[in-house]
Amino acid sequence: MTQPEHQRLLIIDFGSQVTQLIARRLRELNVLSEILPFNKVTDETLREMAPQAVILSGGPASVTEAGSPRAPQTLFDMGIPVLGICYGQQTMMEQLGGKVESGHHREFGRAYVEPAEGHRKEGIFSGLFDGGREEVWMSHGDRVTRLAPGFTVIGTSPNAPYAIVGDAERQFYAVQFHPEVHHTPNGKRLLENFVRLAGFTGDWTMGAYREEAIRKIREQVGDEKVICGLSGGVDSSVAAVLIHEAIGDQLTCVFVDHGLLRKGEAEEVVAMFRDTYNIPLIHADESDLFLGALEGVSDPEVKRKTIGRLFIDVFQKHANDVGGAKFLAQGTLYPDVIESVSFSGGPSVTIKSHHNVGGLPEKMGLKLVEPLRELFKDEVRALGRELGLPEKFIGRHPFPGPGLAIRCPGEITREKLAILREADAVYIDQIRKHGLYDEIWQAFVAILPVRTVGVMGDGRTYDYACALRAVTSVDGMTADYYPFSHAFLGETATRIINEVRGINRVTYDITSKPPGTIEWE
Ligand code: XMP
């Protein structure tokens, strides 16, 4: 459980897809929150945890169904502020003597809420409704049809007469829409008003998160050994530095070099971890093994599966050398956790077999340490800064586990990889020189499995074509191509063709995601 010296808010989770976003908004407001599933919240937990306020999340159930989840009734007698969201609103109304009906009230998507007659722009409304109405995102099948005693309507929308309700005396508030999602542009303001009304001063920072994470790691690991697969990416690096701070030399990192890294990458990672941080590091140069197994393979899924399988074997081999490790550390982020649960509850379609060290824990009997599980990418970067990782490292574009293999459509050869590495380095150098690196989510070169004819000087060339890719994105789930100027593209193409032997044609990929993916395979 969390340290008592910070003010704490409890989020009771009724299973909404976006519950973590509530925690994320609260972190942005420097409020420490803890999410507990509804079935884990007993009277005793409430007493022990002594939250300063509670938020009831949305969820897929209907309060009109027998056996649907409820908040502990004692919650409403604790004298603390409560905010119910969507399902949270409905169960709150139901438990406090109101009425909820199902059917005929389905509402998904954008709606506009207006303040009810006589409500001033203060308290929960502070800073809201400046434009008269607020855009909100609704997603519900049931709705409240009678308020619980003590509540009044404070905001309405055409389809949700009880869009915002409240009992200012008890500081109970409830909203039909989701203030935590981006589609409710001023939702964060509403949450902020709630936490200020509840007396939170905003005492929870990334520094506090770091301390808390360190404490939890120590508690989980005790004096056992931990191994961590380093990819050179931001996530595993931040996880490793954080864990090292917690348990020192009980941590050993294994960096598997599959021969599919970018120019200078292996050297950089080894230098940083071994020399700067003094973290025990096994640098496993296994490029012959990987490239040998990939010879003649051109099917993208076979490539991914081959790399994934070998990675596990190699990791296991080196991890055994560490001797007696009981834990495996991973830089799993929150979006990885949500992505792995299909929205419909059924098996989702495999677009690509993502590569990580999944499968290892069961095989090796290891337990997982995942200190970044609750964080989003930008928060991991903030934590990395807090830990003092160099800015250049923190701001790095994501790099996929299978590495250059999936930027080399068709058969992979050492020759093509060498050309690709050089072209990629020139491209990234161009982007940095033009000050564009941080505006772009990810940029890379893909070497194409075609050779084309060109003319250089007075001679004929017959070399590879390559494609430049650069996208903007928030989370990698959707993406837009980056609108480089023609001047930039022209200059970059010239540099690549002049400086990289083996490429005589450069194209720019202007596909968004969807329908494309960010990587080429
Ligand atoms: P796609 O190509 O699926 O990529 O649009 C979305 C983001 O994920 C990265 N990516 C991977 N990362 N293992 C990883 O660790 C993988 O197998 C993998 N495949 C894609 C990709 O670079 C982009 O940031």
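One-based numbering along the sequence shown.
- Contact check for I22 versus I85: side-chain heavy atoms found under the 4.5 Å cut-off.
- Counting only distance, with no hydrogens or angles, the side chain of S33 and the backbone of L10 share no donor-acceptor pair below 3.5 Å.
- Q250 places a side-chain N or O within donor-acceptor distance of the main-chain N or O of E224, the cut-off being under 3.5 Å.
- Smallest separation of non-hydrogen atoms from L417 and L404: CD2-CB, 3.9 Å.
- With hydrogens and angles disregarded, a donor-acceptor distance shorter than 3.5 Å links the side chain of D299 to the backbone of V302.
- Rounded to the nearest 0.5 Å, atoms CZ (R262) and CZ (R407) are 6.0 Å apart.
- Within the model, atoms NZ of K392 and CD of E268 stand 5.5 Å from one another, a figure rounded to the nearest 0.5 Å.
- A salt bridge links R215 to E219: at least one charged side-chain nitrogen sits closer than 4.0 Å to a carboxylate oxygen.
- Heavy-atom minimum distance, Q220 versus F327: O-CZ, 3.4 Å.
- By the 4.0 Å N-to-carboxylate-O rule, K40 lies too far from D13 to be salt-bridged with it.
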Verdict with supporting geometry, M49 and V41, side chain to side chain contact (heavy atoms under 4.5 Å, CB included): CA-CA 10 Å; M49 200 180 162; V41 185; over 6 Å; no

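- L260 places none of its side-chain heavy atoms less than 4.5 Å from the side chain of I406.
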Going by atom type alone, with no hydrogens or angles, which donor-acceptor pairs under 3.5 Å involve a side-chain atom of residues 480-492 and a protein atom two or more places apart or on another chain?
residue	atom	partner	partner atom	Å
Y482	OH	E439	OE1	2.5
S485	OG	F488	N	3.0
E491	OE2	Q430	NE2	3.2
T492	OG1	Q430	NE2	3.0
T492	OG1	F488	O	2.7

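- Of all heavy-atom pairs between I419 and R501, the closest is CG1-O, 3.7 Å.
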T252 vs I279, side chain to side chain contact (heavy atoms under 4.5 Å, CB included): CA-CA, chis, key distance, verdict: CA-CA 7 Å; T252 303; I279 298 179; over 6 Å; no

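- Looking at H283 and D257, their side chains come closer than 4.5 Å, going by heavy atoms from C-beta outward.
- Checking I394, I243, L387 one by one against V238, the side-chain contact (heavy atoms from CB on, under 4.5 Å) holds for a single residue, L387.
- Annotation: the span from L468 atom CG to I431 atom CD1 amounts to 8.0 Å, rounded to 0.5 Å.
- Expressed to the nearest 0.5 Å, how far NE2 of H244 lies from CD1 of I217 amounts to 12.0 Å.
- Listed by chain and residue number, E519 satisfy the side-chain hydrogen bond (donor to acceptor under 3.5 Å, both in side chains) test with Q442 (two or more places apart in sequence, or in another chain).
- Using modelled atom types, one finds a donor on one side chain and an acceptor on the other under 3.5 Å when comparing T452 with R505.
- Shown here is H183, whose NE2 atom has no more than 12 heavy atoms of other residues, nucleotides or ligands within 6.0 Å.
- Taking the charged nitrogens against the carboxylate oxygens, E192 and K188 have no contact shorter than 4.0 Å, which rules out a salt bridge.
- Contact check for W204 versus Y209: side-chain heavy atoms found under the 4.5 Å cut-off.
- Around CZ of R218, the count of heavy atoms belonging to other residues, nucleotides or ligands within 6.0 Å exceeds 12.
- Checking side-chain atoms of T461 against main-chain N and O of G454 turns up a donor-acceptor pair under 3.5 Å.
- Salt bridge status for K317 with D321: absent, with no side-chain N to carboxylate O gap under 4.0 Å.
- Geometrically, R469 does not engage F444 in a cation-pi contact, judged by NZ or CZ lying under 6.0 Å from the ring centre and within 45° of the ring axis.
- Under a 4.0 Å N-O distance rule, the pair R25/E28 qualifies as a salt bridge.
- The shortest side-chain heavy-atom distance between Y464 and N504 does not fall under the 4.5 Å cut-off.
- Without hydrogens or angle criteria, R8 side chain to P51 main chain gives no donor-acceptor distance under 3.5 Å.
- Of all heavy-atom pairs between G395 and Y437, the closest is O-CE2, 3.4 Å.
- In this structure, the side chain of H318 does not engage the main chain of A284 through any donor-acceptor pair within 3.5 Å.
- By the 4.5 Å heavy-atom criterion applied to side chains, V241 and Y277 are counted as neighbours.
- Annotation: the span from T184 atom OG1 to R110 atom CZ amounts to 10.5 Å, rounded to 0.5 Å.
- Using modelled atom types, one side-chain atom of S236 and one backbone atom of S231 make a donor-acceptor pair closer than 3.5 Å.
- Note that R460 lies in the cation-pi zone of Y462, set by a 6.0 Å cut-off to the ring centre and a 45° limit from the axis.
- Nearest heavy-atom pair across F14 and P60 is O-CD, 3.3 Å.
- The cationic group of R24 lies under 6.0 Å from the six-membered ring centre of F376 and within 45° of the ring axis, placing it in a cation-pi geometry.
- For the pair R396 and D235, the salt-bridge criterion is not met [side-chain N within less than 4.0 Å of a carboxylate O].
- No side-chain heavy atom of F200 sits less than 4.5 Å from a side-chain heavy atom of L32.
- Here the side chain of R309 pairs no donor or acceptor atom with the backbone of R304 at under 3.5 angstrom.
- Here the CD1 atom belonging to I35 is positioned 4.5 Å from the CD1 atom belonging to I11, to the nearest 0.5 angstrom.
- Checked by atom type and distance alone, the side chain of S473 pairs as donor or acceptor with a backbone atom of G476 at under 3.5 Å.
- When every heavy atom of V445 is checked against every heavy atom of C466, the shortest pair comes out as CG1-CB, 3.8 Å.
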side-chain hydrogen bond (donor to acceptor under 3.5 Å, both in side chains) assessment of S287 paired with D285: CA-CA 6 Å; S287 42; D285 180 358; 2.9 Å; yes

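- Salt bridge E245/R210: present, at least one basic N to carboxylate O contact under 4.0 Å.
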Chi angles and distances behind the side chain to side chain contact (heavy atoms under 4.5 Å, CB included) call for D424, V426: CA-CA 5 Å; D424 194 73; V426 173; over 6 Å; no

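- Remark: side-chain polar atoms of R27 are not paired, donor with acceptor, to backbone N or O of E379 under 3.5 angstrom.
- Between E411 and V297, every side-chain heavy-atom pair lies at or beyond the 4.5 Å cut-off.
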Full working for side chain to side chain contact (heavy atoms under 4.5 Å, CB included) between V380 and L333: CA-CA 8 Å; V380 171; L333 304 194; 3.4 Å; yes

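- Counting heavy atoms of neighbouring residues, nucleotides and ligands inside a 6.0 Å radius, atom NZ of K263 does not exceed 12 of them.
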